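Below: one structure in structure tokens.
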Amino acid sequence: MALLGIEARGLRKRLGPNQALAGASLDFSAGLLHGIIGPDGAGKTTLLRTLVGLLRSDQGEVIYTQEGRPADFAAVRPFLAYMPQQQSLYPDLSVAEHMDFFRDLYRLPAAVYRSRAEELLRITRLEKFRDRRAGELSGGMYKKLGLICALLQSPAAVLLDEPTNGVDPISRREFWELLYRLADQKILVIIATAYMDEAERCARVHLLDSGKVLASGEPRAVLRDAKVSSFEEIFLNRSDRKEIRPTDTGGTSNTAAAGVPHA
């Protein structure tokens, strides 16, 4: 699998009356776990949708690289996986039926699918729930099923929009363990979150607010340069701050992010 990197240069996007992105420039280096950190309404979802080609920016460009060399979007698109924030699984389909559906969608060979499906079920601890319908899964299990569906194609980059929002603390920890597994395989992971404590779990963070990049870099370096002890302080010091989530609420709702195939 070729290492995939993504760079955004001067992205601007207006959605109705709102300037969702206001000249955002970010470098998502290949093979690392990146966090897009910001309050609700910061532009995180718009940025992710632009990176995967679901939205076209008004200005600026997105540059893709494979093994450090520039690549066309058409060449990298089959290797992108995106999990949106909204529900996108079928509540009446079971875990196994979802996997079969995405197997056919990705046109995976039977042998490849069997080994990959068994591995994903094992690492997500969903082996015993193959016959359970998605609408009956807990919030954490629902998110993990979404991740399974996205990973069946063996992507080189996974982009997730607030995947831990609304899940219980244990499922949240398990979900991050899955993300670390992906990063260990040199898969580019980009996760958008409003939970400030999740910033410190990333190899690189990109702080976004009102469509603008406040800072980017290694988490401790960002805090040191800002002369603060927490990421909450950076956002709280902004006069136009919006709601942020400093810690997990421990909820178990399954009405947040869910998995879908690449754009």
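The model shown is predicted, which means the values in this text are computed figures rather than measured ones.
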Worksheet entry | Sub-4.5 Å side-chain heavy-atom contact between Leu207 and Phe231 |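 Answer yes - side chains close enough.
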Worksheet item: Taking atom types as modelled, is there a side-chain donor on Thr193 or Glu198 under 3.5 Å from an acceptor on the other?
Response: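 Present: a donor and an acceptor within the cut-off.
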Worksheet item: Given side chains that start at C-beta, do those of Ile63 and Ile6 come closer than 4.5 Å, heavy atoms only?
Response: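 They are not in side-chain contact.
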Discussion item. Looking at every non-hydrogen atom in both residues, tell me the closest pair between Thr124 and Leu121 and how far apart they are.
Written reply: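 Distance-wise, the nearest heavy atoms are OG1-O, 3.3 Å.
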Fill in: Atom pair NZ/CD of Lys143 and Glu162 - distance to nearest 0.5 Å
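Separation between the atoms: 9.0 Å.
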Worksheet item: Could you walk me through whether Phe102 and Asp104 pass the side chain to side chain contact (heavy atoms under 4.5 Å, CB included) check?
Response: CA-CA 5 Å; Phe102 282 90; Asp104 296 340; over 6 Å; no
Worksheet item: Which atom pair, heavy atoms only, marks the closest approach of Lys44 to Ala192?
Response: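 Here Lys44 and Ala192 meet closest at CB-CB, 3.9 Å.
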Item to complete: Output, in order, the C-alpha distance, side-chain angles, deciding distance and verdict of side chain to side chain contact (heavy atoms under 4.5 Å, CB included) for Ser210 and Gln19.
Response: CA-CA 8 Å; Ser210 300; Gln19 189 69 49; over 6 Å; no
Discussion item. Within the 4.5 Å heavy-atom criterion, are Ile234 and Val222 side-chain neighbours or not?
Written reply: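 Yes, their side chains come closer than 4.5 Å.
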Discussion item. Could you measure the distance from the CD1 atom of Ile191 to the SG atom of Cys202? Nearest 0.5 Å is fine.
Written reply: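 Answer rounded to 0.5 Å: 6.5 Å.
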Practice prompt. Could you grab the distance from atom CG of Leu51 to atom CG of Leu26, nearest 0.5 Å is fine?
Written response: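 These two atoms lie 8.0 Å from each other.
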Practice prompt. Of all the heavy-atom pairs spanning Ala42 and Asp209, show the shortest one and how long it is.
Written response: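 Answer, listing the atom of Ala42 first, then Asp209: CB-CA, 3.8 Å.
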Worksheet item: Is the shortest side-chain N to carboxylate O distance from Arg122 to Glu127 below 4.0 Å?
Response: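 Salt bridge: no.
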Practice prompt. Have a look at Tyr142 and tell me which of Leu147, Val95, Leu89, Val167 forms a side chain to side chain contact (heavy atoms under 4.5 Å, CB included) with it.
Written response: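 Looking at Leu147, Val95, Leu89, Val167, the match for Tyr142 under the side chain to side chain contact (heavy atoms under 4.5 Å, CB included) is Leu89.
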Fill in: Connected via hydrophobic side-chain network under 4.5 Å: Leu47 and Leu54
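The answer is yes; both residues are in one hydrophobic cluster.
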Item to complete: Please determine, by modelled atom types, if Ser154 and Arg116 share a side-chain donor-acceptor pair under 3.5 angstrom.
Response: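 Present: a donor and an acceptor within the cut-off.
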Worksheet entry | Whether Phe73 and Tyr64 hold their rings parallel, tilted or perpendicular, with breakpoints at 30° and 60° |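 Because their plane-to-plane angle lies in the 30° to 60° range, the rings of Phe73 and Tyr64 count as tilted.
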Practice prompt. Answer yes or no: are there more than 12 heavy-atom neighbours, outside Tyr90 itself, under 6.0 Å from its atom OH?
Written response: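 Counting other residues, nucleotides and ligands, OH of Tyr90 stays at 12 neighbours or fewer.
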Fill in: Validation row: Arg103, Asp100 side chains within 4.5 angstrom (heavy atoms)
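Arg103 reaches Asp100 side chain to side chain.
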Worksheet item: Do Glu232 and Ser230 come close enough that some side-chain heavy atom pair is under 4.5 Å?
Response: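 Yes, at least one pair of side-chain atoms sits under 4.5 Å.
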Discussion item. Set out, in order, the CA-CA distance, both residues' side-chain angles and the distance that settles side chain to side chain contact (heavy atoms under 4.5 Å, CB included) for Met99 and Arg130, then state yes or no.
Written reply: CA-CA 9 Å; Met99 297 177 70; Arg130 300 170 190 256; over 6 Å; no
Worksheet item: Would you call Leu48 and Ile190 a side-chain contact if the rule is heavy atoms closer than 4.5 Å?
Response: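 Result yes, sub-4.5 Å side-chain heavy-atom pair found.
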Worksheet item: Does the side chain of Leu214 reach to within under 4.5 Å of the side chain of Leu208, using non-hydrogen atoms?
Response: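 No. Closest side-chain heavy atoms not under 4.5 Å.
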Worksheet entry | Close side-chain approach of Gln59 to Leu11, heavy-atom, < 4.5 Å |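 Side-chain contact under 4.5 Å: no.
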Worksheet item: Aromatic rings Trp176 and Tyr180: how do their planes relate, parallel, tilted or perpendicular, breaks at 30° and 60°?
Response: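 Ring orientation, 0 to 90° scale: tilted.
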Practice prompt. Quick one: list whatever passes side chain to side chain contact (heavy atoms under 4.5 Å, CB included) with Phe129, sequence neighbours left out.
Written response: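 By the side chain to side chain contact (heavy atoms under 4.5 Å, CB included) rule, Phe129 matches Leu126, Arg132, Met141.
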Discussion item. One pair to check against side chain to side chain contact (heavy atoms under 4.5 Å, CB included): Val158 and Leu188. What are the steps and the verdict?
Written reply: CA-CA 6 Å; Val158 180; Leu188 171 62; over 6 Å; no
Worksheet item: Is any side-chain N of the basic residue among Glu136 and Arg133 closer than 4.0 Å to the acidic one's carboxylate O?
Response: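 Salt bridge present between Glu136 and Arg133.
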Fill in: Charged N-O contact under 4.0 Å between Arg172 and Asp197
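Result for this pair is yes, salt bridge flagged.
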Worksheet item: In terms of hydrophobic clustering (I, L, V, M, F, W, Y; side-chain heavy atoms under 4.5 Å; direct or indirect links), are Tyr82 and Leu32 co-clustered?
Response: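 The answer is no; the residues belong to distinct hydrophobic clusters.
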Worksheet item: When hydrophobic residues are tied together by side-chain contacts of less than 4.5 Å, even through go-betweens, does Leu160 share a cluster with Leu137?
Response: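 Linked within one cluster.
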Worksheet item: Can you list every salt bridge (Lys or Arg N to Asp or Glu O under 4.0 Å) pair that touches residues 2-13, not counting sequence neighbours?
Response: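 Salt bridge (Lys or Arg N to Asp or Glu O under 4.0 Å) check on residues 2-13 returns Glu7-Arg9, Arg9-Glu61, Lys13-Asp58.
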Discussion item. What I want to find out is whether Arg181 reaches Asp184 closely enough, with some N-O distance under 4.0 Å, to be called a salt bridge.
Written reply: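 No salt bridge links Arg181 with Asp184.
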Worksheet item: Can you find a side-chain donor-acceptor pair between Asp131 and Ser94 that sits under 3.5 Å?
Response: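 No - no donor-acceptor pair under 3.5 Å links their side chains.
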